[in-house]
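Reading through the C-alpha cells given below for one structure.
Naming: A, B, ... by sequence-line order, numbering from 1 per chain.
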Amino acid sequence: MQTFPIQKIIEHGPGVKSFYFPKTFDVRAGQFVNLWLPGVDEKPFSVSAVMGDWIEISVKRYGPFTTALMECREGDYLGLRGPFGRGFTLQNNALLIGGGIGIAPLRLLAQELNVRGLRFVSLLGAATAYEIIFARDFQKQSVCYFTTDDGSMGKKGLVTDDLVDIIAKEKIEYIYAAGPEIMFVKTKELIDPLGLPYEFCMERYMKCGIGICGQCVLDDSGLRLCVEGPVLNRDDLKEVTELGLLHRDASGRRV
Amino acid sequence: MQTFPIQKIIEHGPGVKSFYFPKTFDVRAGQFVNLWLPGVDEKPFSVSAVMGDWIEISVKRYGPFTTALMECREGDYLGLRGPFGRGFTLQNNALLIGGGIGIAPLRLLAQELNVRGLRFVSLLGAATAYEIIFARDFQKQSVCYFTTDDGSMGKKGLVTDDLVDIIAKEKIEYIYAAGPEIMFVKTKELIDPLGLPYEFCMERYMKCGIGICGQCVLDDSGLRLCVEGPVLNRDDLKEVTELGLLHRDASGRRV
Amino acid sequence: MKTIHLIKPDFLNLKMDSPLVLASGILGLTASSMARVIRFGAGAVTSKSFNLEWRKGHRNPSIIPFEHGLLNAVGLSNPGVDEMVKEIRLFRQKSEAPIFASIFGRTIEEFAEVAKRAAEARPHLIEVNVSCPNVRSEFGTPFGDSPQDTAQITRLVKKAAGDIPVSVKLGPHGPGIGLMARVCEENGADAITAINTAGPGMLIDIRVRKPVLSNKTGGISGPAILPIAVKSVYEVYENVRIPIIATGGVTHWQDAVQMLLAGATLIGVGTAVYYEGMEVFGKINKGIEGYMRENGFSALKELRGLAHE
Amino acid sequence: MKTIHLIKPDFLNLKMDSPLVLASGILGLTASSMARVIRFGAGAVTSKSFNLEWRKGHRNPSIIPFEHGLLNAVGLSNPGVDEMVKEIRLFRQKSEAPIFASIFGRTIEEFAEVAKRAAEARPHLIEVNVSCPNVRSEFGTPFGDSPQDTAQITRLVKKAAGDIPVSVKLGPHGPGIGLMARVCEENGADAITAINTAGPGMLIDIRVRKPVLSNKTGGISGPAILPIAVKSVYEVYENVRIPIIATGGVTHWQDAVQMLLAGATLIGVGTAVYYEGMEVFGKINKGIEGYMRENGFSALKELRGLAHE
Ligand SMILES: Cc1cc2nc3c(=O)[nH]c(=O)nc-3n(C[C@H](O)[C@H](O)[C@H](O)COP(=O)(O)OP(=O)(O)OC[C@H]3O[C@@H](n4cnc5c(N)ncnc54)[C@H](O)[C@@H]3O)c2cc1C
Ligand SMILES: Cc1cc2nc3c(=O)[nH]c(=O)nc-3n(C[C@H](O)[C@H](O)[C@H](O)COP(=O)(O)OP(=O)(O)OC[C@H]3O[C@@H](n4cnc5c(N)ncnc54)[C@H](O)[C@@H]3O)c2cc1C
Ligand SMILES: Cc1cc2nc3c(=O)[nH]c(=O)nc-3n(C[C@H](O)[C@H](O)[C@H](O)COP(=O)(O)O)c2cc1C
Ligand SMILES: Cc1cc2nc3c(=O)[nH]c(=O)nc-3n(C[C@H](O)[C@H](O)[C@H](O)COP(=O)(O)O)c2cc1C
Ligand code: FES
Ligand code: FES
C-alpha cells in the first residue's frame, strides 16, 4: 500500500467532489483504484481523468465511506493502490451512457476516444444538474444529451427514455454504459433487440481488488469483476445471470 | 541453491581432479563458487577455467569433503552457487606464482590475460609433477618455470626459491599468487623490498560465502574474504595482521 | 483442461485429474467461482470457511500485498452455513471435481453443528479450520493451539460428518505441528491440511503512521511462507500416516514438487492466483508432469516423501 | 561516518550516533569485523552469541538464501566465552561505540555463568538469546518458549551481570511475545530484543531430493519476516515500558521507520548486509534522517510508537 496526499479537491455541488492525486502509474478508462481512508475503510473508485501528473477520482456521497471522504482536505494522505481490472476497448461511433456518478469512468473514456479521433455521442443523466459532472468537457468533445430527474439540466426524466431514438439518429454502432445497475438492465432490454455490441462498467462489493477473495465474482460466469471486469462486454454478460438481481455483501450473502 | 550434474571429470593423478559443470553465470578469475555435496558438506572452490558452456573446478584431496568429491561420478548432481567474491585485476608483465592446487585460479587468470593480450610469466610449484595441473596450457600461453618437491617436473625445491631472480630476468611489474599461506608469507617477504604491487588469492574457512556470518573476516582489517576477497592486493594486506598466523575454524576459534 | 494421466493423485479414493486443490478463502464463496477454477486445471476446490451464522468479517483493508506475499485479516467473513450448503450443492451439479467444505466454529460445539449441516450438501471432504489467526481478538487463541481442543473438535466433527472424510487444517506455529497432526490422526482425522497462514504480521504506513490492515495484524501467505510450509509438511509426514494437503506459498511447479518430496498427497494453491493468475493451476500441472517425465516417475505417489530418505 | 544529530537514540544512556545495531550472528565474531561495521554507520554492534565452551555448530550448508530471505542453521557455533571476552575487550579499545554481548547457555545455570564471565569484558549490554530455533534437536524446545524458564534466566543473568544492563532476545512464535516481554520486564530486564529468526523453514532441492540445510530446518531472516517483526515489536510495545531493540527483516529505511512507529528505540540490522552490502547502515541512517526532516521530527523518540495512537 502506498499513500499519497490529496493535491486538489473540486466540489461539483453538495456531496459530489473530484479528488486529485499524484499519478504514479498508467491507467486506462474503466480501470479502478482502491482508496484507503485510514481508520475508516477501503473502497474501489474509477479513475475519472488523467491530467498531466495527476489522476482524478470523482465521488458521490452515499454511505459512511464517501461521507468520510467528503471531509478530507487537500494535503491529507490517503492510501491508493491500483490500477485494477480491465478497461474499455476503444470503438468508433459509440454512445456513452452515464447514470449519476457512473459518469466518472466515461469521462476518462471520452478523453481516450478523443485522443484517438474516434467519434462518440454522450447521453448523461443524473438526479440534478451538478451531478452531471464535467458536463462542459463532454460538450466540447461530443454531441451531448442530458437528462435529470428534476429537469434542472437537459430533459426531465431517465437517461434511458430516448435511448433507442438517439441510437438511430446518431448512427450509433457501439454502446458504453456506466451507472446504477437498474440502468444496465433497462439499457440491455432496449439494445439487445438492436443487436448492438456493448460494454458495461459495473460495480460490486469488493474486498481484495486483486482477484483472490471471490467477493466480486458474478453468477454464473465465475468472472471476477475486479480482474476480468469491471468492464464487461456482451459476451461476458451472456453468462452473467445476476444482473439487476441480488448482490453479495461483505459476508458474501446475497442481499 | 541450484544443483547441476557433473558433465565431465578429468583425473590429473591420484587425488587431483577437474570437474566440469554447466555455466549459468559469468565469472572472473579469482572468484569462487560453493560446492554442495548433499549429505556431506559445502565448501568454496575457485573456478579454474571457463570452457564454452562449462565451468571447470579443480580439486585436490585433503580431508573428508574433497575425499567424498573424488568419489563423485559424471552425472551426479551437486549444489553449486556463486560466483562469490572479487577477482583479480588484469595487469601487464605479471608473474603468476602458484603453489599446489592454488594453480587452479591462476589457470583462469592466464586465460583472461591471454585474451586481453597481456604478457605474463608463470612460476608454478607443487609436490609432484601431476599436481601442476594443465602445465601444458600454461606453457602454450607463457614462459613457465616449474618446481616440484620431488623434482619430477622442473626444478627440485620450493616455488619461491628463484623468485627474485625471475622477477629481475623477466622484467616483472606485477605479482599474482595463489597457494598455501606459507607461500604468501615467503613471497611477501621477498617482494615487499622490491616495491612491486601484488594480489594474493587467499583461503579461509567459510560458512556463508555471502558476507554475513563473519567466519572469513581477517584481523585487523575487518575485510570479509568472501566478499572483499578472496583476492587481496597490497593495500588490503597492509591491514591484515594474521597472514601466516592462526586461522579460525568452524567454531570461530583460532587454530 | 485435458486430463493428464501422470498427475492423478491417490487421495481417499477421490477422482481427481490434478493434485492441486484451491485453498480455502480463495475464490471459494460461490459455485460459479469454484467451477471456473476447476476449468483452469485445479483437481478439487475448497470452499471459503463458514460457520452457522453469516459474518461480515473485518473492514477493509483486509487483504494487502507486500513485496513477498499477502497479509490478510478477512476475519472469517462468510454467508453462513445455509447459503454455503446451497453453493456446494450447486457446485456438485456443475462439476465432477471434488469439493471440500471448510468449516469453523466459535465454540467447540459449533464445529460439530456446522459439520452436520455441511454434510447435508455431501461435500467430498470436510476441512476443519482450527487455525485461523485473524479472529484472535474475537475468539481468543485459536483452538488449533491446544491439543485438547483440537482432539475434541476432531472427534466431534468426525462423528457429525458421518461417512464424509475429515481433514484438520493446522497452522505452522503453536505447540509443534507434528504433535498436533498426531493428535488429529489419533482422534480420527482422515487427512491433515498444512498450513494455514503464518505469522501473523503487520505493516505500518509511514506517512499515515497506522497499521494498514483494519484488523492491524493479518496472516501471511504466498512466497514468503513457502519454507515454513515445506518444513511443516515434512514434519507432519514424519508423524502421521494419513495423507497431507500441503498448502502455503506454492507459486511455481518447483514449489509443488518440493511439497510432494516433503510428503504431500495433494497441494493447496491460494495466493499464487494473485501472482500468476488463474493460469497458475495449468502451469503447475504441466511443470509437475514435465518433472515426472524427465526423472522417470510414473505416479505421484512415487515422489511422496522422497526427501525423507 | 559523520555524526547526524537528528538520529542519536536515547537508549539506556548509551552514546550512539545511530539507532542501528548490528544484529547478533552477523559479522560479530571478531573485534576487527565489528569495528568495520561501526565505520559503515552502525550505532552499536552485537557479538555472535556465545556460551562457555566453543562449538562447531552445524555442517554446511548452514546459511542459504531463498528468494525472499535467508534460511540459517548455524547451530550457535562460537569460539567460547574466553575467546569472545578477548574480542569484546579489543573492540572497546578500537571503538567508542557500544558493544552488546550476546550470550546463551545449554542450561539455565550456564546462562548465568556465561553472563558473569561476559561481564568481565564490560560490554555495554548483555543480550540474552533464549530464542535460537536451530538447536532444537540438541537442546530441545528453546527456553524462550517457556515463561518460567525465561523468568528464571532473566533473574539469574541480571544478577550475574551486575551493573551491566540486560536485554532478552525473544522469538516471534511461542506463547505470545507480549506476554513473554512482560515476564522479562517483571524479572528485571532492561530491554527487549525482538525478534530472532522466524519459522523455522526448510527448502528441498528437487534434483537431489533432500533438504538443503545440513540441519534440514533453519530460521528465516530478511525481507520475508519484516511483517512478523513489525507485529512483534508493536505487541511488545503495548506490553512493556522498557526499550525495544527491533530486529527482523529491516532492509530499507522505510522498514526502520515502521519499526520506530511500532515502538522501537533501537533497530537491529542483520540479513540486510547481504542484500544491500555494508553500505546499508549509512543508507538507512540517511533515510531516517530525511524522513524526520521532511515530517518535522527533531528527535527519534518523537516517532516512537506513533502507530499506536
Ligand atoms: C469498480 C468500481 C468503481 C467505482 N467507482 C466509483 C466512482 O468512481 N465514484 C463513486 O462515487 N463510487 C464508485 N464506486 C462505488 C464505491 O466503491 C462505493 O461503493 C460507494 O462510493 C459507496 O460507498 P459508501 O461506503 O460511502 O456507502 P455504502 O455504505 O457502501 O452505501 C450506502 C448506501 O448507498 C447504497 N449505494 C452504495 N453504492 C451505491 C451506488 N454506487 N449506487 C447506488 N447506491 C449505492 C448502498 O446500497 C447503501 O444502501 C465504484 C465501485 C466499484 C466496484
Ligand atoms: C576462496 C577459496 C577457494 C578455494 N579453491 C579451491 C580450489 O580451487 N581447489 C581446492 O582443492 N580447494 C580449494 N579451496 C579449499 C577448499 O575449500 C577446501 O577447504 C579444501 O579442499 C579442503 O577441504 P576438505 O573438507 O576436504 O578438508 P578439511 O577437512 O577441511 O581439511 C583436511 C586437512 O587439510 C588441511 N587443509 C585443508 N585445506 C587446505 C589447503 N587449502 N591447504 C593446505 N592444507 C589444507 C586442513 O588444515 C586439515 O588438516 C578453496 C578455499 C577457498 C576459501
Ligand atoms: C485472502 C485469504 C483468505 C483466507 N481465508 C481462509 C479461510 O477462510 N479458511 C482457511 O482455512 N484458510 C484461509 N486462508 C488460508 C489459505 O487457505 C492458505 O492456507 C494460506 O493462504 C497459505 O496458502 P497460500 O500461500 O497458497 O495462499 C486464507 C488465505 C487468504 C490469502
Ligand atoms: C546467519 C545468521 C546467524 C545468526 N546468529 C544468531 C545468534 O548467534 N544469536 C542471535 O541471537 N541471533 C542470531 N541470528 C538472528 C539475528 O540476530 C536476527 O535476529 C534475525 O536474523 C532477524 O534479523 P534480520 O532479518 O535483520 O537478519 C542470526 C541470523 C543469521 C541470519
Ligand atoms: S474483490 Fe476479491 S476477487 Fe474481486
Ligand atoms: S564466509 Fe561468511 S562472511 Fe565470509
If you take all heavy atoms of C:Pro65 and A:Ile210, which pair is closest and at what distance?
CG-CD1, 4.4 Å
Under 4.5 Å to a heavy atom of chain A? For C:Ile26 that would be both
Answer with side chain, backbone, both or neither: which region of C:Leu203 has an atom nearer than 4.5 Å to a non-hydrogen atom of chain A?
neither
Let me know if A:Val227 has heavy atoms under 4.5 Å from chain C in its side chain, its backbone, both or neither.
neither
Based on non-hydrogen pairs under 4.5 Å, which of C:Ile206, C:Val212, C:Val37, C:Ile64 is most in contact with chain A?
C:Val212
State which residues pass side-chain contact (heavy atoms from CB on, under 4.5 Å) with A:Ala178; sequence neighbours excluded, sorted by chain then number.
A:Pro105, A:Leu106, A:Cys201
Counterpart residues, side-chain contact (heavy atoms from CB on, under 4.5 Å), relative to C:Ala256 (two or more places apart)
C:Val250, C:Ile267, C:Ile284, C:Ile288
Please report all inter-chain donor-acceptor pairs (under 3.5 Å) between chain C and chain A, with distances to 0.1 Å.
from	atom 1	to	atom 2	distance (Å)
C:Leu27	N	A:Ile212	O	2.8
C:Ser32	OG	A:Asp219	OD1	3.0
C:Arg36	NH1	A:Gly222	O	3.4
C:Arg36	NH1	A:Glu228	OE1	3.2
C:Arg36	NH2	A:Glu228	OE2	3.1
C:Arg39	NH2	A:Ser221	O	3.4
C:Arg59	NH1	A:Gly39	O	3.0
C:Arg59	NH1	A:Val40	O	2.6
C:Asn60	N	A:Asp41	OD1	3.2
C:Asn60	ND2	A:Glu42	O	3.3
C:Asn60	ND2	A:Met206	O	3.1
C:Ile63	O	A:Arg81	NH2	3.0
C:Ser77	OG	A:Lys207	NZ	2.5
C:Asn78	N	A:Ser251	O	3.4
C:Glu83	OE2	A:Arg254	NH1	2.9
C:Glu87	OE2	A:Arg254	NH1	3.2
C:Glu87	OE2	A:Arg254	NH2	2.9
C:Lys94	NZ	A:Asp220	OD1	2.8
C:Lys94	NZ	A:Asp220	OD2	3.0
C:Asp205	OD1	A:Thr3	OG1	3.1
C:Asp205	OD2	A:Thr3	OG1	2.9

Side chain, backbone, both or neither: which part of C:Pro211 has a heavy atom under 4.5 Å from chain A?
backbone
Do you know the tightest heavy-atom contact between C:Ile63 and A:Cys213?
CD1-CB, 3.7 Å
Output the residues of residues 113-121 of chain C for which the shortest heavy-atom distance to chain A is under 4.5 Å, in residue-number order; output 'none' if no such residue exists.
none
Give the member of A:Val217, A:Leu78, A:Leu223, A:Ile212 that has the highest number of heavy-atom pairs under 4.5 Å with chain C.
A:Ile212
